[in-house]
Amino acid sequence: MKKNAARKNAYKMVDFICYNRDNIRKAVREARLDPHNERTGSNSGAYINDPTANKAMADLQPVPKIILEGRTIEKPELWLSIIDNVYAQFGDVERKIFDKRWTEKVKPVETIVDLYIERTTYYSLVHEIKSYIVEFGCQEGVLSVFKRGK
């Protein structure tokens, strides 16, 4: 792996998560509704025979992973929380850029014209948004920007 490959992969992952935020929410919701998601035992080997308790355990525990477009997303609910928290931190312009770029999938030129901002401002704000998400992802342990040594 090259020097910056892990970092580039982190930014690509953030882009993928942002573009598919609504699909991830839907997949998590479907995983929660899946009747096969219910847990019947614990790590100690004790089994729970109560269906109500099984459902409660399944609802309390986070969905460990989902597969979306052939990619495995570990801790999808944590990712959604990161995106939502970062989104809440920003002002109007950053939120509009986020919505237009990743939710509405509007081309950058249209966003620049709609918001009356310069091209460099647009791209610096996009980079700032992604940087905050990468930093928060590293803090929460779902991303790594450095390759670990052996």
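The figures that follow rest on heavy atoms only: side chains count, while hydrogens, waters and symmetry mates do not.
- Nearest heavy atom pair, residue Lys12 against residue Arg71, reads O-NH1, 4.4 Å.
- Of the inter-residue distances, the one linking Ile66 atom CD1 with Lys26 atom NZ reads 11.5 Å to the nearest 0.5 angstrom.
- Side-chain atoms of Trp79 and Ile73, non-hydrogen and from C-beta on, do get closer than 4.5 Å to each other.
- Considering every non-hydrogen atom in both Ser144 and Ala10, the closest pair reads O-CB, 4.1 Å.
- Checking side-chain atoms of Ser81 against main-chain N and O of Glu77 turns up no donor-acceptor pair under 3.5 Å.
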Give the intermediate values and the outcome of side-chain contact (heavy atoms from CB on, under 4.5 Å) for residues Tyr11 and Arg7. CA-CA 6 Å; Tyr11 277 88; Arg7 189 170 168 203; 4.0 Å; yes
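- For the pair Val145 and Cys138, the minimum side-chain heavy-atom distance is below 4.5 Å.
- Within the 4.5 Å cutoff, no side-chain heavy atoms of Ile97 are placed close to those of Phe90.
- No donor-acceptor pair closer than 3.5 Å links the side chain of Glu94 to the backbone N or O of Leu125.
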Tabulate below the donor-acceptor pairs under 3.5 Å that side-chain atoms of residues 105-116 make, not counting sequence neighbours, or state none.
from: Lys105; atom 1: NZ; to: Tyr19; atom 2: O; distance (Å): 3.3
from: Thr111; atom 1: OG1; to: Lys107; atom 2: O; distance (Å): 3.4
from: Asp114; atom 1: OD2; to: Lys100; atom 2: NZ; distance (Å): 3.4

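- For the pair Arg21 and Phe98, the NZ or CZ position fails the cation-pi test of under 6.0 Å to the six-membered ring centre and within 45 degrees of the ring normal.
- Annotation: side chain of Trp102 is in contact with side chain of Val126 (closest heavy-atom distance under 4.5 Å).
- Taking the side chain as every heavy atom from C-beta outward, Asn85 and Gln89 never approach each other to under 4.5 Å.
- Within a 6.0 Å radius of CD in Glu118, no more than 12 heavy atoms belonging to other residues, nucleotides or ligands are found.
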Kindly indicate, with the supporting measurements, whether the criterion side-chain contact (heavy atoms from CB on, under 4.5 Å) is fulfilled by Ile129 and Tyr87. CA-CA 8 Å; Ile129 292 167; Tyr87 186 85; over 6 Å; no
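- Of all heavy-atom pairs spanning Pro62 and Arg32, the tightest one is CA-NH2, 3.6 Å.
- For the side chain to side chain contact (heavy atoms under 4.5 Å, CB included) criterion with Ile82, the lone passing option out of Leu143, Ile17, Val142 is Val142.
- Put simply, CG on Asn20 and CG on Leu68 are 5.0 Å apart, with the number rounded to the nearest 0.5 Å.
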